[in-house]
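As structure tokens, the structure follows; a few thoughts come after it.
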Amino acid sequence: MMRNRIAPLLESALLKAHAAQELTTSPLPPITIGHPANPEHGDFSCNIAMQLAKGERKAPRQVAEIIIKYLGSGDGLFAKSEIAGPGFINLFVSQAAWQGTLLEIEKQGDRYGRTTSGAMKKVQVEFVSANPTGPLHIGHGRGAAIGDTLCRVLDAAGWDVTREFYYNDAGVQISNLALSVQLRCLGIEPDDPRWPEGGYQGEYIRDVARAYLNRETVEATDQHTTACGDPENIDDIRHFAVAWLRREQDLDLEAFDVRFDVYTLESALYSEGRVDAVVQKLIANGHAYEQDNALWLRSTDFGDDKDRVMRKADGSYTYFVPDVAYHQAKWERGFTRVINEQGSDHHSTVTRVRAGLQALDIGIPQEWPEYVLHQMVTVMRGGEEVKISKRAGSYVTLRDLIDEVGRDATRFFFLMRKPDAQLVFDIDLAKQQTNENPVYYVQYAHARICSIFDNAAEKGFMAPEQPAPDDLTCLSTPEDLQMIKLLAALPDTVDDCAVHFEPHRLTYYLSELASCFHSFYNKNRVISEELKLTEARLYLLKRTAQTLKSALSILGISAPERM
RNA sequence: GCGCUUGUAGCUCAGCUGGAUAGAGCAACGGACUACGAAUCCGUAGGUCGGACGUUCGAAUCGUCUCAGGCGCACCA
């Protein structure tokens, strides 16, 4: 919140210096505001003087002097501004201004932490997008946690977010699925010599087969499918199996508190003629050619390292063709910003899909859509790695994980690492309700504050509502001020998460905030003989609980009042 | 072999897009509850930021090379 107030002040100082012809650089470089590690260097610092020095043919410190002259006290925001080191401008925000931010936090209520950076522009985020060939596993869990939190973060940063799930319900894998269910219906098991190599071996296939033979009905939000029960009817089996597994995945996601606005089915892209239309357009644009009985896209014209088959010798399309059709549809739906969250094992699709979209020549930017690729997850249990094999059906499902370690801990653990780092999910650690578990550390801070309020109420103390600024001047110990500064940083942190697509920054923010509180609490008495100080501290803690809860809710994690 | 990605304390990881003396948690060691929750706090110790060269006022951060791990490299998805 401070950062957004300081940047315009610096900018106007630069413009004034420019108007007075004391500075000549044009255009001005973007202003970056840093947080010095050393408190002696102020609350914020700016390196603009060093950046300008060369062009201005002046010493950096001399440039800084000019800027500070026009910056003045920043409408009373700064208690002090000084030039340090090679030419940093160090800014010290006044205590009164810091204390005043608490009033602003109270005013914003549940919305504190939200910003307007996105200006309500449309953005679409596609995530999970698992094949409906099995329940969601731990890898999908990471995608769900990152994608969902990215949506929450973008929403908090003022974007108009659409959450989307794409079902690959056509193609070879689905045929494999149908065949596997059919064989189970006929009593053929994976250890039978007739079992095909690519068949799905998981136990859930047996469940699907049983449900199919019992002519069960699958009910879900947008579907209503009843099995005919005939083991020879492969089309009906496919239809039923996909519906059954989609429902399973929906339940998995519900248990994780992840919801979507739009579900798009690959099969619909075919039935609506979008896939054919894309191929025709690519041929018409001269980017396709026939060879070896197949139709190829000359994707090498668009940065790919080799050309790609679009239509196979058997007449069917490769998977990326409907993917291009799908993204064309996203573009036509008016999403100038689209983010795809996927496992990094799919990173080769990025160039291919973008190449296809470029070849359509309909004005789509080269870097569209954007991608967030998360690295693989390994699971540790009892000090050993749990091996995952989807085909063999041995893997940790998302549902098992949530049942075992709880939703809050599962989400937090998935979000602790930046997406492009590999993640080791230690089930034993996540289950521990001890100090080793960061989730409890943060939640404990919230619960602890709530219990202080109970205690205060018993003794007749209440946090004041909308206190006068003077009532807060007693919040002046280093711990008081450090707390306030951290509370004020939430909106900036939300913006950073949204800009960089890195939800993990919020988990670090929360750990830091919790740590700051615990430390404050051990050093300072909240309820004391001094009425004014007691009320001011209760007010500070009220804002702290509010901020913790707000930040946790952006991560989709609860803020318990007792634990 | 090529592409993407990662390499920071004994372990697991941050490091705010080039800033000032590189930070946390765990593990180790030593301390703190006869008043607000000890699921907590305070302190000590621990680092040639994988390695080499380069770019500049300044590099963990950018570039080139190199080593190591992961993931991809289908007319599978």
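Note on naming: letters A, B, ... go to the chains in the order of the sequence lines (proteins, then strands), and numbering restarts at 1 for each one. Not measured: the values here are computed from a predicted model.
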Requested in this report: Verify side chain to side chain donor-acceptor pair (under 3.5 Å) between A/Thr25 and A/Glu56, making sure each step is shown before the conclusion.
Outcome: CA-CA 7 Å; A/Thr25 307; A/Glu56 296 287 342; 2.5 Å; yes
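Distance A/Gln173 CD to B/C76 C1': 6 Å, rounded to the nearest Å.
A/Asp495 comes within 4.0 angstrom of nothing in the nucleic acid, heavy atoms only. Looking at heavy-atom distances under 4.0 Å, A/Phe320 makes no contact with the nucleic acid at all. Residue A/Val172 is classed as a sugar-phosphate contact, given heavy-atom separations below 4.0 Å to backbone atoms only. Within the 4.0 angstrom heavy-atom criterion, base atoms lie near A/Asn90. Residue contacts for A/Arg537: at a heavy-atom cut-off of 4.0 Å it reaches no nucleic acid atom on any strand shown. Counting any heavy atom pair closer than 4.0 Å across all strands shown, A/Arg417 reaches sugar-phosphate atoms only and no base atom. At a threshold of 4.0 angstrom between heavy atoms, the contacts of A/Asn293 with the nucleic acid are absent. Across all strands, A/Ser344 comes closer than 4.0 Å only to sugar-phosphate atoms, never to a base (heavy-atom distances). Here A/Met416 lies out of heavy-atom contact (under 4.0 Å) with every strand. Using a 4.0 Å heavy-atom distance criterion, A/Arg308 is classed as making no nucleic acid contact. Within 4.0 Å of A/His41, counting heavy atoms only, lies at least one base atom of the nucleic acid. Counting any heavy atom pair closer than 4.0 Å across all strands shown, A/Ala447 reaches a base atom. Across all strands, A/Met310 comes closer than 4.0 Å to no nucleic acid atom at all (heavy-atom distances). No engagement by A/Ala53 is indicated, since no non-hydrogen atom pair under 4.0 Å with the nucleic acid exists.
In this structure, A/Phe425 has its ring center under 6.0 Å from that of A/Phe413. Aromatic pair A/Phe44/A/His35: ring centres closer than 6.0 Å. Between A/His374 and A/Phe414, the ring centre distance reaches or exceeds 6.0 Å.
The aromatic ring of A/Tyr508 does not sit over the base of B/A14; the criterion of centres under 5.5 Å apart with planes under 30° is not met. Residue A/His346 and nucleotide B/G72 are not classified as a stacked aromatic pair, given the requirement of ring centres less than 5.5 Å apart at an interplanar angle below 30°.
Toward the 5′ end of RNA chain B lies the nearest nucleotide of A/Lys418, the other residue of the pair A/Asn47 and A/Lys418 mapping further downstream. The 5' end of RNA chain B is approached more closely, in terms of each residue's nearest nucleotide, by A/His35 than by the other of A/Ser528 and A/His35.
Remark: the separation of the C1' atoms in B/G10 and B/A28 is 10 Å, to the nearest Å. B/A20 and B/G58: their P atoms are spaced 14 Å apart (whole Å). Only the P atoms considered, B/C29 is 34 Å distant from B/G70, to the nearest whole Å. B/U61 and B/G50 have their C1' atoms separated by 16 Å, given to the nearest Å. Rounded to a whole angstrom, the distance from the P atom of B/U5 to that of B/G43 is 39 Å. Comparing the C1' positions of B/G18 and B/G63 gives an interatomic distance of 13 Å, to the nearest angstrom.
Applying the 3.5 Å distance criterion, the base of B/G37 shares a donor-acceptor pair with the side chain of A/Ser451. In the interface, the side chain of A/Arg525 is paired with the base of B/C36 through a donor and an acceptor atom under 3.5 Å apart. On a pure distance criterion of 3.5 Å, a polar donor-acceptor pair joins the side chain of A/His500 and the base of B/U17. With hydrogens and angles ignored, no donor-acceptor pair under 3.5 angstrom links the side chain of A/Tyr440 to the base of B/A39. For A/Asp420 and B/U5, a side-chain-to-base donor-acceptor distance below 3.5 Å is absent, hydrogens and geometry of angles not being considered.
Considering only the side chain of A/Ala313, B/C75 comes nearest among B/C75, B/A39, B/C42. Closest to the side chain of A/Asn522, out of B/U40, B/C57, B/A77, is B/U40. Counting only heavy atoms from C-beta on, A/Ser45 has its side chain closest to B/A20 among B/A74, B/A20, B/C75. In the set B/C13, B/G19, B/C75, the nucleotide with an atom closest to the side chain of A/Trp296 is B/C75. Ranking B/C4, B/A39, B/U21 by closeness to the A/Tyr444 side chain, first place goes to B/A39. Comparing B/A77, B/C36, B/C76 by their nearest atom to the side chain of A/Asn168 picks out B/A77. Comparing B/A77, B/A14, B/G37 by their closest approach to the side chain of A/Ala421 singles out B/A14.
Distances shorter than 4.0 Å separate none of the side-chain N or O atoms of A/Arg3 from OP1 or OP2 on B/C16. Taking only side-chain nitrogens and oxygens, A/Lys523 never comes nearer than 4.0 Å to OP1 or OP2 of B/A32.
Other residues, nucleotides and ligands contribute only 12 or fewer heavy atoms inside 6.0 Å of the CD atom of A/Glu529.
For the pair A/Lys542 and A/Phe453, the distance from NZ or CZ to the six-membered ring centre is under 6.0 Å and the angle to the ring normal is within 45 degrees.
Between A/Tyr167 and A/Tyr263, the ring planes are parallel. Angles under 30° get that label, and only those over 60° would be called perpendicular.
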